[in-house]
Participant: 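Input: one structure, supplied below.
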Amino acid sequence: MERLGVMGGTFDPIHCGHLLLARSVRERLPLDRVLFVPAADPPHKDHRADIAASAHRWAMVERAIADEPGFEASPVELERNGKSYTVDSLRLLGEQNPGSELFLLIGTDNVSDMTTWHDPEGILELCTVVAGSRPTQAATRADPDLVSRIVFVETPVIDISSTHIRQRLRDGLPVRWLLPGGVEEYIRAERLYR
Ligand code: ATP
Ligand code: MG
């Protein structure tokens with residue numbers, strides 16, 4: 001049975017933290033493939049009106065993963081209207097990939113958020129949730145029963161966020177080595193985050 005990783009995110013923009021998490025978890029579990037799934041209308045980011053257009057975020061994901069075997073992108077959330085709930089995306093991805101066992105890849109910061117996600121019970125029925133290291137406070141707010149069902153994998157800790165990258169771009173600071181060169185070129189060509 002194929003083992004399929006699902007890496008969701010806003011990817012505004014995708015960066016080396018996302019990529020290293022996915023590659024490390026893919027190696028460690030191991031996984032056959034990892035699908036990067038950009039969110040269309042992230043339920044938890046309603047306060048940010050300035051998210052880059054989904055076409056841009058998709059294009060950056062494609063550039064970031066182009067030469068990495070086993071990495072693919074899925075438009076499953078972009079193609080849907082309305083809110084993207086993880087549980088719905090997992091159900092669709094399961095239908096689109098019959099015979100695949102699903103693994104949802106998240107950073108440790110998302111473990112404490114998981115209690116607030118829509119239908120965490122449904123998520124845990126559809127997949128194995130795998131949390132990789134991200135510098136963050138311990139998951140103190142998380143429901144211990146949920147946490148006990150999450151698989152934790154140690155991955156290299158790399159303290160990069162999209163927020164930090166957007167801020168650096170606004171400030172005219174270099175972003176080289178924080179994200180793939182092809183993504184930086186795209187950002188500059190399309191004049192994003194200025
Ligand atoms: P933003 O700053 O806009 O919130 P972000 O950098 O947190 O962006 P997201 O698209 O929100 O990126 O994150 C998608 C997933 O990637 C989440 O599960 C998050 O925990 C994980 N992630 C993000 N950055 C890292 C990192 N540096 N190391 C490990 N995991 C990460
Ligand atoms: Mg985030």
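Fair warning: this is a prediction, and the values are worked out from it, not measured in the lab. Scope of the values below: all heavy atoms of this structure, side chains included, with no hydrogens, waters or symmetry mates. Numbering of ligands and ligand atoms starts at 1, following listing order.
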Participant: Report yes or no: does a heavy atom of Ser133 sit under 4.0 Å from some atom of ligand 1?
Facilitator: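 It does; at least one heavy atom falls under 4.0 Å.
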Participant: Is there a polar contact, in the sense of an N or O pair closer than 3.5 Å, between Ile160 and ligand 1?
Facilitator: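 Checking ligand 1 against Ile160, an N or O pair does fall under 3.5 Å apart.
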Participant: Would Thr163 count as a polar contact of ligand 1, with the cut-off being nitrogen or oxygen pairs under 3.5 Å?
Facilitator: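 Yes, since at least one N or O of Thr163 sits under 3.5 Å from an N or O of ligand 1.
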Participant: Is a salt bridge present between Arg57 and Glu62, judged by a nitrogen-to-oxygen distance below 4.0 Å?
Facilitator: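 No.
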Participant: Return yes when Ala39 approaches ligand 1 closer than 4.0 angstrom through a heavy atom, no otherwise.
Facilitator: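 Under 4.0 Å: no for Ala39.
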Participant: At under 4.0 Å between heavy atoms, which part of His164 makes contact with ligand 1: side chain, backbone, both or neither?
Facilitator: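 For His164, no heavy atom sits under 4.0 Å from ligand 1.
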Participant: Looking only at N/O atoms, are Phe11 and ligand 1 under 3.5 Å apart anywhere?
Facilitator: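 Min N/O separation from ligand 1 is below 3.5 Å for Phe11.
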Participant: Ligand 1 and Met7, any nitrogen or oxygen pair closer than 3.5 angstrom?
Facilitator: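 In fact, backbone or side chain, Met7 has no N or O that close.
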Participant: Using side chain to side chain contact (heavy atoms under 4.5 Å, CB included), reason through Ile14 and Val183 one step at a time and then give a plain yes or no.
Facilitator: CA-CA 8 Å; Ile14 189 167; Val183 175; 4.1 Å; yes
Participant: Quick check: His56 with Tyr186 (ring centres under 6.0 Å apart)?
Facilitator: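 For Tyr186 and His56, the ring centres are under 6.0 Å apart.
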Participant: Let me see the working for Asp50 and Tyr193 under side chain to side chain donor-acceptor pair (under 3.5 Å), right down to the final yes or no.
Facilitator: CA-CA 9 Å; Asp50 57 337; Tyr193 312 119; over 6 Å; no
Participant: Counting only heavy atoms closer than 4.0 Å, does ligand 1 sit against the backbone of Asp109, its side chain, both, or neither?
Facilitator: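 Looking at Asp109 and ligand 1, just side chain atoms fall under 4.0 Å.
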Participant: Does Asp32 use its side chain to pair, donor to acceptor, with the backbone of Leu4 at less than 3.5 Å?
Facilitator: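 Checking the backbone N and O of Leu4 against the side chain of Asp32, no donor-acceptor pair under 3.5 Å is found.
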Participant: Quick check on Arg176: does its CZ atom have over 12 non-hydrogen neighbours (other residues, nucleotides or ligands) under 6.0 Å away?
Facilitator: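 Not buried by this count: 12 neighbours or fewer within 6.0 Å.
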Participant: Are any of the N/O atoms in Asp12 less than 3.5 Å from those in ligand 1?
Facilitator: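 For ligand 1, there is no N or O atom that lies under 3.5 Å from one belonging to Asp12.
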Participant: Can you tell whether the side chains of Arg91 and Glu95 come within less than 4.0 Å, N to carboxylate O?
Facilitator: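 Salt bridge: no.
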Participant: Are any of the N or O atoms of Ile158 closer than 3.5 Å to those of ligand 1?
Facilitator: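 Min N/O separation from ligand 1 is below 3.5 Å for Ile158.
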